[in-house]
Amino acid sequence: MRSIKVGVLGFQGAIEEHVDITRRALKEAGLSGEVNVVRRLEEVEVLDGLIIPGGESTVIGSMMERTGIMDYLRRTRGKFPVFGTCAGMIVLSRKVKDRVLGDTNQPTAGILDVSVERNSFGRQGDSFETELEIPAIGGLYRGVFIRAPIILDVGSEVEVLCRLNGRIVAVQQEKIMATAFHPELTDDPRIHIFFIKKIISD
Ligand code: GLN
């Protein structure tokens, strides 16, 4: 196959970590391609897939609105491969609620048919690492959670990839993938390999 172009949205979050692990994932999947940081619509339009890092979802969301990237995701709905981690998952979802503040009116693409709760683990669970079971990538996986959201409910097109104590923390829908945790902060590229395979599959 031709060389694939993956972009990491460069507004906020562990941007370089996503770039590094995606490059590693390409290599381990035996694929040629390039991974670049992107911030403008023109840069996104030429990609085969986009990764949206964690950070602050209200900030990332408003930058995406301002640059037209949010509208691009709405227009290409489900056909353009997108992977959102943590805040990146929030900005893809249909509905967002804050654990303390209730419904938020923050901008989201609304292309992933899930409703999410922000900052869902509360103060005690602010930041933690835990063992997860993710059959789609071959089983046990160490998840890093930082002020993580969870998915409260999913539409019929959404496939749940992982639960933590019964709560949904990873999903896919068509070419869209989302995790409440941060796979770029581990040494394990399997989640990114899974996304890259989604990019190249028909
Ligand atoms: N709590 C953040 C938000 O709602 C997400 C945290 C993260 O991306 N690590 O935007």
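Start at 1 and go down the list; that is how both ligands and their atoms are numbered.
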Problem - Contact residues of ligand 1, where a non-hydrogen atom lies under 4.0 Å away - result: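 Heavy-atom contacts below 4.0 Å: G54, G55, E56, S57, C86, A87, I90, R118, N119, I146, R147, H182.
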Problem - F80 six-ring face occupied by R75 cation (under 6.0 Å, within 45°) - result: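 The answer is no, since R75 fails at least one limit relative to F80.
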Problem - Residue pair Q173 / E157, side-chain donor-acceptor N/O under 3.5 Å - result: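 There is no such pair (donor and acceptor under 3.5 Å, judged by atom type) between the side chains of Q173 and E157.
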Exercise for the section: If the plane angle is over 60° it's perpendicular, under 30° parallel, otherwise tilted; pick one for F121 and F128. Expected result: perpendicular
Handout entry: Salt bridge E28-R24, side-chain N to carboxylate O under 4.0 Å
Key =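 Looking at R24 together with E28, the answer is yes, because their closest N to O distance falls below 4.0 Å.
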Problem - ring pair (Phe, Tyr, Trp, His ring centres under 6.0 Å) contacts in which one or both residues fall within residues 25-66, not counting sequence neighbours - result: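 Those involving residues 25-66 do not exist here.
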Completion exercise
salt bridge (charged side-chain N to carboxylate O under 4.0 Å, His left out) with D103: of K95, K97, R118, only one passes, and it is K95
